[in-house]
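One structure is given below, encoded as structure tokens.
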Amino acid sequence: MSMTGRDGRDWEPTHYRTHTLGEVRDQGAQMIGHEVTVAGYAETVRGRGAICFLMLRDGTGYLQAFLKKDNMDEDTFDAMQGSSRESTIQVTGIVAQKRPPKVAEGEPEPPAEYEVNVTSGQILALAETPLPVGVSDDVNVGLDVRLDNRHLDLRRAHVNAMFQLRGNVLQYGRDHLITEGFNEMNSPKIIASASEGGTNLFPMKYFETDAYLSQSPQLYKQLAVLGGLERVFEVGPAFRAENHDTYRHLNEFISFDIEGAWMNDEDVMCVQERMIHHIWSQVAANDQNLIDIINEYRESQGDEAITVEVPSLPFPRIPYCDAIEIVKSGGGKIEWGDDIESHHCDLIAAKYPGFHFLPRWPMSMKPFYIFHDETEKGSTGGQLSRGFDLNYGRDEMTSGGQREHRFEVLEQNLRNMDLNPAEFTFYTDGFRYGAPPHAGWGLGVARLLMVLTGAGNVREVVLFPRDRNRVTP
RNA sequence: GCCCCUGUAGUGUAGUGGCCUAUCAUCCUGGCUUGUCGAGCCAGGGACACGGAUUCGAAUUCCGUCGGGGGCGCCA
């Protein structure tokens with residue numbers, strides 16, 4: 001005997017239950033008269049004296065347990081009738097058809113529903129009252145209160161759906177990269193020095209030595225490629241000690257990172273758009289139930305429903321020089337060599353609201369390890385690079401590029417940026433013994449989820465976000 | 001780091017110097033109810049972030065502290 005799990009597959013029964021709630025709900029017709037043991041959270045407890053209705057919830061759905069004082073031990077009955085919302089309860093009983101609810105004259109009869117007529121059971125864990133976050137309350141709880149009580153927030157249907165979707169998205173991304181020959185790897189998160197210039201590192205003590213939390217797997221995935229793994233990817237955390245406080249930044253975030261040998265920037269942009277296309281296609285094909293749950297909540301809050309529109313390929317490419325012109329013609333103040341800031345992105349997004357690549361940034365704006373072709377110059381004669389971003393609307397999802405594989409050029413790039421090559425040997429040493437041309441990118445998983453779920457804040461789609469003001473829970 | 005906004009029961013809110021012994025919903029506690037399903041009915045409970053100032057009088061005005069939100073920079 002197996003039971004039907006949340007994913008629709010057969011699960012082995014466990015010590016605490018013979019069936020899932022969704023299974024009894026869906027297949028109750030064939031189960032009438034059979035004894036089942038189920039368990040779940042008590043979402044509501046409606047008492048009527050000598051009878052009691054317990055609405056149980058597990059990962060698969062809802063099922064009503066019907067308790068009658070005459071049918072069971074009286075102390076057990078009283079305990080369950082007096083239990084608080086969100087307590088976990090196990091019941092054993094006989095599957096039966098529910099009595100149909102009263103319907104107004106002329107209304108159609110609703111389809112048959114099933115319940116468990118309880119004969120025995122126990123409270124597994126009683127919930128304290130009151131709940132800091134009402135799981136089914138019709139109030140709009142603030143994000144900070146929710147994050148302080150994420151374990152309860154997660155019991156809410158739409159929140160739970162978002163994180164199920166997140167897990168699926170990671171799986172679809174992995175699946176796609178594996179079909180393209182990428183090998184999953186893991187890089188160290190404790191490092192002795194910067195693996196990528198620019199951002200602030202979190203210092204830590206590694207025994208008697210100073211060390212840092214890794215800000216990026218950049219160097220390590222390159223070394224793996226140099227070593228002949230050819231195509232690698234990693235899904236892992238990056239840590240950045242920056243004092244930003246916006247809807248799209250965290251100090252710890254998960255990135256989807258790839259690196260591939262014998263590839264240039266255009267090659268890995270193609271990998272990325274195929275991967276995103278695959279993720280969106282799979283979500284559209286498999287996860288409409290989760291999207292529906294999210295939309296049910298959104299509609300209750302007066303928010304517009306989200307739809308999964310699979311983006312068409314290829315994504316538009318808007319080279320930096322063209323992007324500057326779009327910003328200028330939209331009234332933005334910008335010159336060649338300036339960074340494209342958020343308010344500039346708004347102007348570009350007006351023309352390209354979906355996914356779009358911004359390739360060929362000025363070399364002067366990119367790190368020393370980005371590849372450049374000396375024949376590629378910008379409209380004012382500045383050196384262009386093979387670095388790119390991927391934006392969705394105004395938001396940056398990815399940055400990536402072809403990497404410089406020639407040792408001498410790496411050293412020259414450092415000198416051009418007034419950096420001392422002697423201080424970057426941790427990076428450049430890997431390139432002394434020959435290196436294939438290669439390229440890669442890092443994609444913010446939470447930012448991708450924001451697009452997919454319509455979340456207005458990256459914290460919505462990160463279980464336990466870490467920002468400047470939050471290290472707990 | 002800079003700029004702007006904000007802090008009222010467990011949660012979400014009303015409140016603009018006296019009508020506040022502070023509104024409403026949800027919630028919580030107790031009681032009634034042998035078919036509820038947004039259960040119902042009855043009774044009860046719970047808050048002005050903290051410290052100072054102005055004033056006859058402060059939830060309301062001002063200052064400080066500590067929280068929270070938004071924007072910018074930078075980034076994924």
Side-chain angles (χ1 to χ4, degrees), chain A residues 43-55 62-71 77 81-82 84-86 96-103 110 113 115 117 127-149 152-153 156 196-200 215-218 236-257 300-301 339-346 365 367 389-392 395-400 441-451 456-459 462 467-470:
Chain A
E43 184 148 312
T44 59
V45 184
R46 286 190 282 269
R48 288 185 65 86
I51 64 172
C52 174
F53 304 94
L54 203 60
M55 184 56 80
Y62 295 87
L63 188 71
Q64 178 168 282
F66 176 60
L67 285 72
K68 205 174 200 173
K69 212 166 201 168
D70 303 343
N71 293 347
F77 177 89
Q81 192 174 48
S84 47
R85 298 193 301 166
E86 295 304 313
Q97 191 172 145
K98 270 175 81 171
R99 291 202 187 166
K102 296 183 194 87
V103 290
E113 293 187 82
E115 65 182 6
N117 285 175
E128 285 182 21
T129 60
L131 298 168
V133 174
V135 171
S136 55
D137 292 4
D138 189 21
V139 288
N140 181 25
V141 186
L143 185 57
D144 203 50
V145 173
R146 290 175 50 202
L147 292 178
D148 283 341
N149 300 279
L152 282 175
D153 182 48
R156 305 202 296 165
E196 182 184 357
T199 59
N200 299 319
Q215 68 190 146
S216 162
Q218 176 65 32
F239 305 91
R240 301 203 180 159
E242 290 172 351
N243 275 328
H244 39 215
D245 196 7
T246 79
Y247 67 90
R248 62 190 186 280
H249 286 94
L250 293 173
N251 294 295
E252 174 184 296
F253 64 93
I254 302 296
S255 81
F256 230 121
D257 261 273
S300 80
Q301 299 300 306
D339 197 9
I340 300 176
E341 295 168 0
S342 288
H343 56 282
H344 297 136
C345 289
D346 288 332
M365 300 177 61
D389 284 356
L390 175 76
N391 280 27
Y392 182 92
D395 294 318
E396 184 177 334
M397 300 280 127
T398 296
S399 82
W441 41 256
L443 166 65
V445 170
R447 290 190 180 178
L448 204 58
L449 262 295
M450 280 176 78
V451 174
N457 192 311
V458 72
R459 292 161 181 78
V462 175
D467 62 36
R468 187 163 51 160
N469 302 309
R470 180 178 289 282

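The chains referred to below are lettered A, B, ... by the order of the sequence lines, with proteins before strands, and numbering in each begins at 1.
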Full working for side chain to side chain contact (heavy atoms under 4.5 Å, CB included) between A:K68 and A:N117
CA-CA 8 Å; A:K68 205 174 200 173; A:N117 285 175; over 6 Å; no
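Using the Watson-Crick or G-U wobble rule with both distances under 3.5 Å, B:U65 pairs with B:A49.
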Just list the side-chain donor-acceptor pairs under 3.5 Å for residues 441-450 of chain A, sequence neighbours left out, or say none.
from	atom 1	to	atom 2	distance (Å)
A:W441	NE1	A:V268	O	2.9
A:R447	NE	A:R248	O	3.1
A:R447	NH1	A:E396	O	2.7
A:R447	NH2	A:R248	O	2.9

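Shown here for A:V133 and A:R146, the closest heavy-atom pair between the two residues is CG2-CA, 4.4 Å. Nearest heavy-atom pair across A:N251 and A:E242 is OD1-O, 2.9 Å.
When each of A:N140 and A:R99 is assigned the nucleotide of RNA chain B with its nearest heavy atom, A:N140 is the one assigned upstream, toward the 5' end. Annotation: of the two residues near RNA chain B, A:K68 and A:T44, the 5′-most nearest-nucleotide partner is A:K68.
For A:R99, there are no salt bridge (charged side-chain N to carboxylate O under 4.0 Å, His left out) partners two or more places apart in sequence or in a different chain. For A:F53, the side chain to side chain contact (heavy atoms under 4.5 Å, CB included) partners at least two apart in sequence or on another chain are A:R46, A:R48, A:I51, A:Q64, A:F66. With sequence neighbours left out, A:E86 forms a salt bridge (charged side-chain N to carboxylate O under 4.0 Å, His left out) with A:R57, A:R155.
In this structure, A:R46 reaches the B:A39 phosphate: one of its side-chain N or O atoms is under 4.0 Å from OP1 or OP2.
Once the 5.5 Å centre distance and the 30° plane angle are applied, the aromatic ring of A:F253 is found stacked with the base of B:A76.
Rounded to a whole Å, the NE2 atom of A:H249 is 8 Å from the P atom of B:A76.
Residue contacts for A:V133: at a heavy-atom cut-off of 4.0 Å it reaches no nucleic acid atom on any strand shown.
Evaluation of atom-type donor-acceptor distances gives no pair under 3.5 Å for the side chain of A:E242 against the base of B:G1.
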Show me the protein contacts with nucleotides 66-72 of chain B, counting only N or O atoms at under 3.5 Å.
from	atom 1	to	atom 2	distance (Å)
B:C72	OP1	A:R394	NH2	3.0

Write out a two-atom table: protein N or O, nucleotide N or O from nucleotides 42-45 of chain B, distance below 3.5 Å.
none

